[in-house]
Amino acid sequence: MPLEEVTPRIRTFISESFLDGDPGGELTESTPLLEWEVLNSMNSALLLNFLREELRVDVPLSSITAANFRDIAAISKLVSSLMTVPAEGV
Amino acid sequence: MEFDWSSNQRELYAGMSAAVAERFADYETSADPELVRLAWKDAASIGLTGLCLPAEHGGAGLGALDTALGLEAFGHSCSDMGLVFGVAAHLLSCAVPVGEFGTDEARELLAGMAAGDLIAGNAMTEDEAGSDVGRIRTTATPSGEGYLLNGEKSFVSNAPIADVFVTYAVTDPTAGFLGISAFVVPRELAGVVVGPPLPKMGLNGCLAARVRFEDCLVPAGYRLGAEGSGGAIFQHSMGWERGCLFAAYLGLMERQLTECVDRVVGRRQFGRKISGFQAVSHRIARMRQRLEGARLLLYRACWLLDQGQPDVTAIALAKTAVSEAAIANSLDAMQLFGSAGYLAGTGIEEQLRDCLPTTIFSGTTEIQLELIARGEGL
């Protein structure tokens, strides 16, 4: 799935799941999700579940870092790159 | 879909049950640190302290479901649930992350942990940080070849007898949940201060205390995983704990149910066995129903872990079901035993006290329900 399709899926999930639909329209690709505590421990677990179930991407623990989850742009880039990695044994 | 255990799993459960019964059938709960340590030695001698640790470090190399079966056998045949809890927490929330994310230097501690020579305590909870890991205030500041730890952990199971701690501290205050790093900290390091045992209402065979780090210099080789991955490592270890540790409570409920059936069949009132009263027999039926429902959810959550799919909702469903069943069944057992159950020393009131904290530790029921509800898109 190309980056331009991944990004809106993730933005919609974060907006609807964690920001009550973002009525003020403040969520952008560069909103600092960790600094503003949009991504806390519980929301991070839910986001990882969403990525696994809806986008079929398992994020390895070594990739769960502040750099990769600081904003929607970084998460989308990570997810997109993980989607291009062929599954083991294929 | 396969609901039955394999022959290997049957052997594992039967063998572990027999070994635990041989050592702990007559063992009574003790909070004496020396006796607790001796009990740990007995548990270690039959492999309970290393069930899922790699074989090269002295463990049995079991997966999550088989580890759960081993701990279920422990809970079934040992009535000191504090001891069972302490051993399971040592294994799942301490040894597992050291084994999976530790450097070679950190992994040198694993053989001792698998053998029960090194007892570990999980030092995460703080006064202002329980379910919300991102609120911890303990800091780890780079210093020379390591980190200076400063802060206080408010409830550390096993702490009074622990030789090593797995702890979590903030390394990047701007990164929230992902600004936390994990460390393994030998108790012998300067600056580790363990408080007196905390008085508790149950799980008395598991001593707990506050632990303070005062300019404690931890070698960089004792950091687990990358800087900032502590939050994710903690969640990973909680997946194992919420799955496997709670299997011990399935064992407790199975033992308790046997005791209750014996009680209602053996006791006569108004000229007949009290099991002949529907109000009594249906209480037993409800106990079995809760136990089997919880068992299926727990086995499935552990099976998913073994498939590399640590499903948050499945684990939350299992944790909630087991803990709520354990409390409800213990209340039923108390009712079935009447005044005999209320007396200290008969085991029934101890079961209730040991089950009450299950809806609190390893993530409260409230948080588990929140995770389940959010999984439904709410």
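Quick note: numbers below take in every heavy atom, side chains included, and nothing from hydrogens, waters or symmetry partners. The shown structure was predicted, so the numbers you read here are calculated from the model rather than taken from an experiment.
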> Pick one: which of A:Val38, A:Leu34, A:Leu33 meets side-chain contact (heavy atoms from CB on, under 4.5 Å) with A:Trp36?
Replying inline: A:Val38

> For chain A, which residues from residues 170-182 of chain B lie under 4.5 Å away (heavy-atom distances)?
Replying inline: B:Thr174, B:Ala175, B:Gly176, B:Phe177, B:Leu178

> Checking heavy atoms, do the side chain of A:Glu35, its backbone, both or neither come under 4.5 Å from chain B?
Replying inline: both

> Hey, what do you get for OG (B:Ser362) to CD1 (B:Ile367), rounding to the nearest 0.5 Å?
Replying inline: 13.0 Å

> How long is the gap from OG1 on B:Thr358 to CD1 on B:Ile327, to the nearest 0.5 Å?
Replying inline: 4.0 Å

> Is the closest side-chain donor-acceptor distance between A:Glu26 and A:Thr31 under 3.5 Å?
Replying inline: no

> With sequence neighbours excluded, what pairs up with B:Leu369 under the side chain to side chain contact (heavy atoms under 4.5 Å, CB included) test?
Replying inline: B:Thr320, B:Thr365, B:Ile372

> Less than 4.5 Å apart, any side-chain heavy atom of B:Tyr299 and any of B:Leu65?
Replying inline: yes

>> At a 4.5 Å cut-off on heavy atoms, which part of A:Glu53 comes close to chain B: side chain, backbone, both, or neither?
In response: side chain

> How about residues 59-74 of chain A versus chain B: which residues have heavy atoms under 4.5 Å apart?
Replying inline: A:Leu61, A:Ile64, A:Thr65, A:Ala66, A:Phe69

>> What part of B:Phe101 gets within 4.5 angstrom of chain A, counting heavy atoms only: side chain, backbone, both, or neither?
In response: side chain

>> Can you give me the closest heavy-atom contact between B:Arg137 and B:Glu126, atom names plus distance?
In response: N-OE1, 2.6 Å

>> To the closest 0.5 Å, what do you measure between CG (B:Leu305) and CZ (B:Arg300)?
In response: 11.5 Å

>> So, taking the atom named CG in A:Leu51 and the one named CZ in A:Arg56, what distance separates them when rounded to the nearest 0.5 Å?
In response: 12.0 Å

>> Show the nearest heavy-atom pair for residues B:Cys52 and B:Val96, with the distance to one decimal.
In response: SG-CG2, 3.6 Å

> How about B:Val98 and B:Leu224: do any of their side-chain heavy atoms sit closer than 4.5 Å?
Replying inline: yes

> Between B:Met124 and B:Lys153, what is the shortest heavy-atom contact and its length?
Replying inline: O-NZ, 3.3 Å

>> Would you call the rings of B:Phe246 and B:Phe361 parallel, tilted or perpendicular, taking 30° and 60° as the class edges?
In response: tilted

> Counting heavy-atom pairs under 4.5 Å to chain A, which of B:Thr313, B:Val312, B:Leu378, B:Ile233 comes out on top?
Replying inline: B:Val312

>> Within residues 8-15 of chain A, which residues come under 4.5 Å of chain B, heavy atom to heavy atom?
In response: none

> At a heavy-atom separation under 4.5 Å, does B:Ala232 approach chain A through its side chain, its backbone, both, or neither?
Replying inline: both

> How long is the span from the CG atom in B:Leu71 to the OH atom in B:Tyr249, to the nearest 0.5 Å?
Replying inline: 12.0 Å

> Relative to chain B, which of A:Leu46, A:Leu39, A:Asn40 shows the most heavy atom pairs under 4.5 Å?
Replying inline: A:Leu46

>> Quick check for you: to the nearest 0.5 Å, what is the distance between B:Gln309 atom CD and A:Asn49 atom CG?
In response: 10.5 Å

> More than 12 non-hydrogen atoms from neighbouring residues, nucleotides or ligands closer than 6.0 Å to CD on A:Glu37, yes or no?
Replying inline: no

